[in-house]
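Contents: one structure, followed by commentary.
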Amino acid sequence: MALLALLWGSGFLWIKIALNHGLSPLQITVARCVLGAAVLLALASASGLRLPRDRGTWGRLLVAALLCNVLPFLLFAVGEQTVDSSVAGVLNATTPLWSLLIGIGLGTERGLGRVRPAGLLLGFAGTVLIFAPWRESGQLGPGALALLGAALSYAAAFVYMDRTLTGRGDEPPGRGATAAPSVRGAGREGRSQSVLALAGAQLVAASGLSLAALPATGGPVAPAGADATAFAAVAVLGILGTGVTFYLNYRLIADEGATGAATVGYLLPVVSVALGALVLGEDIGPRVVLGMAVVLAGVAMTRGGGRNDGGDDGNGEVREQPAGAPGRDEPAGRPGGAISCR
């Protein structure tokens, strides 16, 4: 769990280093998607898993790849051009707040009670505290908006994926049908393996979208001004921070369950803040630390307080929790809510 939190939380550090050493935000996005896809495809192949074959699934994966990979990866890199990596890590933790807000807007969140809306307000209050727009030295600007846009994109992706991709995947050979559209009711191990194949396919789609965007933006296709440090940083980001961490996350879910894996989600901002201060020498003032604590408290409140997950739906009927959907103890945007978004 500690290794997973370190690898995932360090992603914002590697983005900042790659930017500082000559790579553009789009180049970082392309490298991250391609390297992450390579890792997941290799793991899927080793497990005997096959990628989806039908056009419908690939169409849904393209949308998921745009919302859950290309846009947030790009926006985080754009934001970190002007905002500290530590702040980027904290703002990533606002994803569950956006998820709840979208759910309220779509009418899919029922039985909110009083605690969850209060957590929503508290979490966004912590975000305002971090940026301190009332101060001349406040960090609110285009970079901060890009970071918030990345968290919002993740949230929109989770809503979309929960409706269109949850439970889809190919079962490993020897487990029944060779192309089962759903693993609903399968054990944790079978679910994680099936999701592994979909995740690899999603990052393949993300790689295609980001590669197509390189010449379309008019920016440099080849990283001419980057040095060895930039390449090393983006290699770590793509291989370890995207591909390997996804695999470790689902191993953790298989071994310890969603509650154990969800704990990692609350450690990521702490890791990003610590690494930003220790490695990059970022100035982490008491206001940022307090804002982070307020955001995480708000997130914790939105994940409890009146939410039903499985069991009784509030009308006396038992409903089934979709395979891969975020449970009560999971921060949205962490383990169960996404196929491959980190």
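Since the structure is predicted, the reported quantities are computational estimates derived from the model, not experimental observations.
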Quick one, Y247 and V39 - any side-chain contact, counting heavy atoms below 4.5 Å? no
Looking at residues at least two apart in the chain, or sitting in another chain, which of them share a ring pair (Phe, Tyr, Trp, His ring centres under 6.0 Å) with W98? F124
Which residue pairs pass the side-chain hydrogen bond (donor to acceptor under 3.5 Å, both in side chains) test when at least one of the two sits in residues 226-235, sequence neighbours left out? H21-D227
Check whether R32 reaches the backbone of T242 with its side chain - one donor and one acceptor, N or O, closer than 3.5 Å. no
Strictly distance-based, threshold 3.5 Å: is any side-chain N or O of T302 a donor or acceptor partner for the main-chain N or O of P96? no
Exam field: side chain S153 to backbone L67, donor-acceptor pair closer than 3.5 Å: yes
Using 30° and 60° as the class limits, which term best fits the ring planes of F76 and F12: parallel, tilted or perpendicular? perpendicular
Please tabulate, for the side chains in residues 203-216, all donor-acceptor contacts under 3.5 angstrom to protein atoms that are two or more places apart in sequence or on a different chain.
from	atom 1	to	atom 2	distance (Å)
S207	OG	C33	O	3.2
S207	OG	V34	N	3.3
S207	OG	L203	O	2.8
S210	OG	A206	O	2.9
S210	OG	S207	O	3.1

Consider only side-chain heavy atoms of I, L, V, M, F, W and Y, link residues closer than 4.5 Å, and tell whether Y154 and L100 are in one cluster. yes
Exercise: identify the closest heavy-atom pair between A144 and L91: O-CD1, 4.3 Å
Can you list the residues that meet the side-chain contact (heavy atoms from CB on, under 4.5 Å) rule with V78, with sequence neighbours excluded? P25, L74, Q81, A146
Check whether any side-chain N or O of E80 sits under 3.5 Å from a backbone N or O of A77 as a donor-acceptor pair, and report yes or no. no
Using side-chain heavy atoms (C-beta onward) and a distance below 4.5 Å, is F246 in contact with L196? yes
For a side-chain contact (heavy atoms from CB on, under 4.5 Å) check, start with the C-alpha distance between L49 and L43, then their side-chain angles and the critical distance, and finish with the verdict. CA-CA 9 Å; L49 301 174; L43 291 172; over 6 Å; no
State, without any angle test, whether R60 and T164 hold a side-chain donor-acceptor pair at a distance under 3.5 Å. no
Please tabulate, for side-chain N and O atoms in residues 291-299, each donor-acceptor pair with protein atoms closer than 3.5 Å (sequence neighbours left out).
none

To the nearest 0.5 Å, what is the distance between CG (L280) and CG (D84)? 8.5 Å
Steps toward side-chain contact (heavy atoms from CB on, under 4.5 Å) verdict (L248, L7): CA-CA 10 Å; L248 290 178; L7 291 177; 3.9 Å; yes
Report the residues that fulfil side chain to side chain donor-acceptor pair (under 3.5 Å) with T127, sequence neighbours left out, ordered by chain and then residue number. none
For Q27 versus G22, what's the shortest heavy-atom pair and its separation? OE1-O, 4.2 Å
Tell me whether S99 contacts the main-chain N or O of T95 through its side chain, where contact means a donor paired with an acceptor under 3.5 Å. yes
Could you tell me which residues satisfy side-chain contact (heavy atoms from CB on, under 4.5 Å) with A156, sequence neighbours excluded, listed by chain and number? I102
List in chain and number order the residues that pass side-chain contact (heavy atoms from CB on, under 4.5 Å) with V289, two or more places apart in sequence or in another chain; answer none if no residue qualifies. I284
Minimum heavy-atom separation for R50 and A197, please, with both atom names. O-CB, 3.6 Å
Using a 3.5 Å distance criterion without hydrogens, assess whether the side chain of W14 forms a donor-acceptor pair with backbone atoms of V236. no
Distance (rounded to the nearest 0.5 Å) between L51 CG and L61 CG: 9.5 Å
Quick check: is L23 connected to I17 through a chain of hydrophobic side chains (ILVMFWY, heavy atoms under 4.5 Å apart)? yes
Polar side-chain atom of K16 near backbone of V83 as donor-acceptor pair, under 3.5 Å: yes
Could you tell me which non-hydrogen atom of A157 sits nearest to which non-hydrogen atom of C68, and how far apart they are? CB-CB, 3.6 Å
Can you list the residues that meet the side chain to side chain donor-acceptor pair (under 3.5 Å) rule with S85, with sequence neighbours excluded? E282
State yes or no: do I130 and L121 share one hydrophobic cluster built from I, L, V, M, F, W and Y residues joined by side-chain heavy-atom distances below 4.5 Å, directly or via other members? no
May I have the step-by-step check of side-chain contact (heavy atoms from CB on, under 4.5 Å) for L147 and L75, ending in yes or no? CA-CA 6 Å; L147 297 176; L75 288 173; over 6 Å; no
Specify the closest pair of heavy atoms between A31 and V234, including all atoms of both residues, with the distance to one decimal. CB-CG2, 3.5 Å
Minimum heavy-atom distance between S24 and L19, given as atom pair plus value: C-CD2, 4.3 Å
Output all residues satisfying side-chain contact (heavy atoms from CB on, under 4.5 Å) with L275, sequence neighbours left out; order by chain, then residue number. L6, S10, L13, V271, V279
Can L268 be reached from F73 by stepping across I, L, V, M, F, W or Y side chains whose heavy atoms are under 4.5 Å apart? yes
Under a 3.5 Å distance rule, please check whether D54 uses its side chain to pair with a backbone N or O of T57 as donor and acceptor. yes
Would you give the length of the straight line joining atom CG of L40 to atom CG of L35, rounded to the nearest 0.5 angstrom? 11.0 Å
